[in-house]
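By convention in this document, chain letters (A, B, ...) are assigned in the order of the sequence lines, proteins followed by strands, and residues within each chain are numbered from 1.
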Number of protein chains: 2
Amino acid sequence: MGAECHHAESAQPGLEGVALANAVAAAQAQCERTRERLTPPRRRVLELLLESDGPMKAYDLIAAYGQDGEPAKPPTVYRALEFLERLGFAHRIESLNAYVPCRMEGAGHRAAFLICECCGAAQEFEPDFSAQFAAAEIAGYAVRTVTLEARGLCPACKVQT
Amino acid sequence: MGAECHHAESAQPGLEGVALANAVAAAQAQCERTRERLTPPRRRVLELLLESDGPMKAYDLIAAYGQDGEPAKPPTVYRALEFLERLGFAHRIESLNAYVPCRMEGAGHRAAFLICECCGAAQEFEPDFSAQFAAAEIAGYAVRTVTLEARGLCPACKVQT
DNA sequence: CTAGTTATGTTATTTCATAACGCTGCGGGT
DNA sequence: ACCCGCAGCGTTATGAAATAACATAACTAG
Ligand SMILES: [Zn+2]
Ligand SMILES: [Zn+2]
Ligand SMILES: [Zn+2]
Ligand SMILES: [Zn+2]
């Protein structure tokens with residue numbers, strides 16, 4: 001989305017067609033297992049995130065929500081995002097005020113991101129927080145969640161100017 | 001600041017009197033060494049951050065800016081914060097949209113925070129990002145900065161309800 | 001002094017997020 | 001079948017956070 005450069009933002013191509021349908025169906029199945037409801041607005045926002053090539057802002061989702069071009073009302077999208085985050089289907093990237101669909105297998109995981117400051121790509125990776133947990137323990141903190149966002153240049157943007 | 005509980009937010013008592021003056025003087029000295037200018041608005045915002053018991057929102061700073069109760073204009077404070085962050089005198093906490101003065105000795109360091117979700121305290125600690133750098137290297141990213149914010153309960157809030 | 005650069009003052013606007021309230025529809029208990 | 005409780009949603013309105021744009025002032029180097 002944030003195309004500050006000319007490089008292809010190809011790191012995370014959006015899903016379409018069968019791949020998209022499969023991803024949504026997997027979310028649907030996971031919801032049924034845990035008695036959660038993937039309602040139409042939630043499903044729609046998840047679709048939009050999965051279709052996107054990169055992080056989407058809340059108001060991008062709001063604008064793209066209606067298939068007929070009608071935008072959603074902000075609470076519709078923010079509520080859906082809250083649900084998707086809670087279930088682990090999406091993540092918020094704090095330093096971008098933006099959202100991405102979860103790209104990792106298995107729910108309930110801890111997320112971390114590599115963010116390209118040139119092309120805007122955001123790649124999720126599996127973090128190792130053992131050093132941080134050790135520091136927290138020394139300080140006496142009981143850690144519940146950890147946000148980690150590394151900013152720099154992706155492989156594509158690193159080579160050229 | 002965010003007092004969602006009754007526990008004393010004593011982790012980071014604000015500076016006053018001589019301690020405050022010393023901290024500002026140290027920043028002043030460091031600026032002179034690097035030919036940077038600690039101008040009145042910058043100094044004022046730094047003072048406000050140092051005096052505070054916890055993270056301050058930008059609009060808290062705006063409201064508290066004038067000694068006579070006159071608020072600042074938003075750009076005044078945002079510019080000062082940008083400067084203070086650049087010089088390492090302050091940090092932004094992304095997950096709170098708030099700012100803290102740097103509590104670590106020596107400039108140019110990497111910051112990380114333990115944030116209490118009950119009393120709002122934010123404690124800076126020295127992070128070890130070696131595991132994250134390894135992950136970034138595998139992915140081919142050149143990391144420039146890392147944001148790490150661990151959220152949970154501080155020692156004081158952990159014991160009681 | 002003069003020109004270039006850095007910082008500030010000011011107005012307005014944009015961007016991001018939530019409060020509040022009533023309606024709907026699904027589920028469990030009787 | 002009926003009632004009720006609650007999660008979810010639609011809608012209006014507002015609040016909170018950040019920046020754009022442009023004019024003026026203050027340093028600094030030549
Ligand atoms: Zn994930
Ligand atoms: Zn890139
Ligand atoms: Zn610091
Ligand atoms: Zn606490």
Item to complete: Ignoring hydrogens and angles, tell me if any N or O in the side chain of B/Arg110 forms a donor-acceptor pair with the backbone of B/Glu126 under 3.5 Å.
Response: no

Discussion item. Check this for me: A/Glu137, atom CD, are more than 12 non-hydrogen atoms of other residues, nucleotides or ligands nearer than 6.0 Å?
Written reply: no

Fill in: side-chain hydrogen bond (donor to acceptor under 3.5 Å, both in side chains) against A/Ser130, all qualifying residues, sequence neighbours excluded
A/Asp128

Side-chain donor/acceptor pairs under 3.5 Å, residues 76-88 of chain B, sequence neighbours excluded:
{"residue": "B/Thr76", "atom": "OG1", "partner": "B/Lys73", "partner atom": "O", "Å": "3.4"}
{"residue": "B/Arg86", "atom": "NH1", "partner": "B/Glu36", "partner atom": "OE2", "Å": "3.3"}

Worksheet item: Hey, does A/Phe125 have a side-chain heavy atom less than 4.5 Å from the side chain of A/Met104?
Response: no

Worksheet item: For the helix from C/dC1-D/dG30 to C/dT30-D/dA1, how many degrees between its two end axes (five pairs per end), to the nearest 10°?
Response: 40°

Worksheet item: Atom CG of A/Leu81 and atom C1' of D/dG8: how far apart are they, to the nearest Å?
Response: 15 Å

Practice prompt. Would you check if A/Arg42 and A/Phe89 make a side-chain contact, meaning some heavy-atom pair closer than 4.5 Å?
Written response: no

Worksheet item: Does some side-chain heavy atom of A/Cys102 sit less than 4.5 Å from a side-chain heavy atom of A/His109?
Response: yes

Worksheet item: Given side chains that start at C-beta, do those of B/Phe113 and B/Pro55 come closer than 4.5 Å, heavy atoms only?
Response: no

Fill in: Close approaches to DNA chain C from residues 40-51 of chain A, in residue order (heavy atom, under 4.0 Å)
none

Worksheet, complete the sentence: Footprint ends on DNA chain C, 5' to 3', for atoms under 4.0 angstrom from a heavy atom of chain B, come out as C/dA7 to C/dT11

Item to complete: State, with a plain yes or no, whether a side-chain heavy atom of B/Leu153 is found less than 4.5 Å away from one of A/Tyr141.
Response: no

Fill in: Side-chain donor/acceptor of B/Asp60 to backbone N/O of B/Lys57, under 3.5 Å
yes

Fill in: N/O donor-acceptor pair under 3.5 Å between A/Ser52 side chain and A/Leu49 backbone
no

Practice prompt. Taking B/Glu149 for its side chain and A/Thr147 for its backbone only, find out whether a donor-acceptor pair lies under 3.5 Å.
Written response: no

Worksheet entry | Length of the line joining A/Lys73:NZ and D/dT12:C1', which is rounded to integer Å | 8 Å

Worksheet item: Between A/Thr76 and D/dC9, does any side-chain N or O lie under 4.0 Å from OP1 or OP2?
Response: no

Might you list the N or O atoms of the protein lying below 3.5 Å from N or O atoms in nucleotides 17-21 of chain D, with each pair's distance?
{"residue": "D/dA17", "atom": "OP1", "partner": "B/Lys57", "partner atom": "NZ", "Å": "2.9"}
{"residue": "D/dA18", "atom": "OP1", "partner": "B/Arg92", "partner atom": "NH1", "Å": "2.6"}
{"residue": "D/dA18", "atom": "OP1", "partner": "B/Arg92", "partner atom": "NH2", "Å": "2.7"}
{"residue": "D/dA18", "atom": "OP2", "partner": "B/Tyr78", "partner atom": "OH", "Å": "3.1"}
{"residue": "D/dA18", "atom": "N7", "partner": "B/Tyr59", "partner atom": "OH", "Å": "3.0"}
{"residue": "D/dA18", "atom": "N6", "partner": "B/Tyr59", "partner atom": "OH", "Å": "3.4"}
{"residue": "D/dA21", "atom": "N6", "partner": "B/Arg79", "partner atom": "NH2", "Å": "3.4"}

Worksheet, complete the sentence: Taken to the nearest 0.5 Å, the spacing of B/Arg103 CZ from B/Gln123 CD works out to 10.0 Å

